[in-house]
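A short write-up of the structure that comes next.
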There are 2 protein chains.
Amino acid sequence: MAARMAAYGEEWESEYPRGLKWTKQRKSVYRVLKEAAEPLNASRIYHLAEKSAGGEEYALSTVYRILTAFEEKGLVERNVCLEDGSVVYTLTRDGHTHYAVCLGCRRMIPMQSCPFAHIHLEKETEGFIVTGHRLELYGYCRECGRKMDGLED
Amino acid sequence: MAARMAAYGEEWESEYPRGLKWTKQRKSVYRVLKEAAEPLNASRIYHLAEKSAGGEEYALSTVYRILTAFEEKGLVERNVCLEDGSVVYTLTRDGHTHYAVCLGCRRMIPMQSCPFAHIHLEKETEGFIVTGHRLELYGYCRECGRKMDGLED
DNA sequence: CTTACTGCAAAGGATTTGCAGACTA
DNA sequence: TAGTCTGCAAATCCTTTGCAGTAAG
């Protein structure tokens with residue numbers, strides 16, 4: 001619909017769920033998520049969204065509500081980091097994603113593939129019907145690994 | 001040390017870390033964890049510990065402090081459930097443990113082995129140094145699976 | 001014009017902390 | 001006795017909610 005595309009002078013995102021209003025707050029949050037290279041927590045999204053909107057002030061609670069609404073529509077994925085229980089969000093990707101969590105800089109790096117693609121997890125648990133799984137790797141990313149190596153901190 | 005064994009009329013647990021005092025609160029928490037078949041959260045441990053001590057009243061904050069102290073000594077493992085972000089504790093087992101989380105009854109069932117025993121996770125992430133990993137399976141346990149099958153809820 | 005969406009402030013739940021007294025070792 | 005623990009209450013952190021006003025469609 002052409003009319004929709006006029007809102008805020010930016011194109012209506014094709015993935016944006018019908019039934020949700022395209023407000024400036026939602027636009028900012030959506031853009032932040034779209035441009036994020038890694039999962040972000042609510043507070044980070046909140047700050048980035050304000051910055052993305054040119055310094056306009058939003059309410060943190062609104063960001064939480066937006067994230068929840070997006071999640072219910074399947075637009076975003078809410079992830080709990082196993083290491084510290086922190087909650088992060090990403091736009092939903094095709095299939096599922098696993099992350100490598102850097103213990104140095106705390107970043108969550110998406111893995112390109114799932115190691116279980118060819119493994120039958122069902123064998124592991126008798127009587128348990130497996131419908132999904134989640135895997136996280138811990139360690140050090142290239143930069144942090146290098147830092148520890150060279151500088152021997 | 002024989003002297004240690006006399007405390008509270010119960011044997012000093014061999015795994016109990018040196019450097020931690022063997023108080024009645026710690027004893028109760030330790031016993032609860034030892035007898036638990038599954039990971040428990042702080043609140044649950046708190047109530048069970050009081051019950052285990054014959055109804056004596058403890059402070060929840062004390063239980064948190066005990067859990068933290070135990071964790072620092074490597075006696076217990078703190079786990080975040082990926083499904084809902086809840087935090088649970090277990091006595092540390094040999095090696096690491098993975099859990100199968102039942103989406104029906106919410107129980108966390110320990111898995112007997114690690115599917116990665118023979119897999120090199122390093123291959124998955126270029127430049128990332130893997131030092132550990134965590135895996136969770138989701139699905140339905142025998143009972144919940146049966147319920148859904150037979151009763152067709 | 002209708003009703004979803006937002007901001008604000010207050011409520012909540014889980015966990016942590018400061019402090020003074022209690023209790024192991 | 002010395003230094004750790006504990007209980008209590010207050011403080012945090014993160015997230016949710018109620019309400020009345022604002023704006024999208």
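In what follows, every chain begins at residue 1, and chains take the letters A, B, ... in the order their sequences are listed.
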Euclidean distance, atom [atom1] of residue [X] to atom [atom2] of [N] [Å, nearest integer]:
X: B/Tyr16; N: D/dC5; atom1: OH; atom2: C1'; result: 10 Å
X: A/Arg26; N: D/dA23; atom1: CZ; atom2: C1'; result: 12 Å
X: A/Glu56; N: C/dT6; atom1: CD; atom2: P; result: 12 Å
X: A/Ile66; N: D/dT17; atom1: CD1; atom2: C1'; result: 16 Å
X: A/Glu57; N: C/dG7; atom1: CD; atom2: C1'; result: 11 Å
X: A/Lys73; N: C/dC5; atom1: NZ; atom2: C1'; result: 14 Å
X: A/Trp22; N: D/dA24; atom1: CH2; atom2: C1'; result: 13 Å
X: B/Lys24; N: D/dT6; atom1: NZ; atom2: C1'; result: 9 Å

**Study point:** A/Glu77 with A/Arg93: basic N within carboxylate O range, under 4.0 Å
**Key:**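 Here A/Glu77 does not pair with A/Arg93 in a salt bridge, since their nearest N and O are not under 4.0 Å apart.
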**Study point:** side chain to side chain contact (heavy atoms under 4.5 Å, CB included) against B/Ala36, all qualifying residues, sequence neighbours excluded
**Key:**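 For B/Ala36 the side chain to side chain contact (heavy atoms under 4.5 Å, CB included) partners, ignoring immediate neighbours, are B/Leu40.
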Ignoring hydrogens and geometry beyond distance, is a side-chain donor-acceptor pair present between [X] and [Y] at under 3.5 Å?
X: A/Glu136; Y: A/Tyr138; answer: yes
X: B/Ser43; Y: B/Asn41; answer: no
X: B/Thr131; Y: A/Tyr140; answer: no

Exercise for review: Please check if the side chain of A/Thr92 supplies one atom and the backbone of A/Gly74 the other of a donor-acceptor pair under 3.5 Å.
Suggested key: yes
Practice item. Indicate whether OP1 or OP2 belonging to D/dA23 is found under 4.0 Å from a side-chain N or O atom of A/Gln25. Key: no
Practice item. Verify the ring-centre separation between B/His133 and A/His98: is it less than 6.0 angstrom? Key: no
Exercise for review: Determine, using ring centers only, whether A/Tyr16 and A/Phe70 are less than 6.0 Å apart.
Suggested key: yes
Check your understanding: Do the non-hydrogen side-chain atoms of A/Met111 and A/Leu137 ever get within less than 4.5 Å of each other?
Key -> yes
Point to revise | B/S/- contact track for nucleotides 9-19 of chain C, protein heavy atom under 4.0 Å | key: B----SBBBB-
Point to revise | Axial bend angle, the helix from C/dC1-D/dG25 to C/dA25-D/dT1: five-pair end segments, nearest 10° | key: 40°
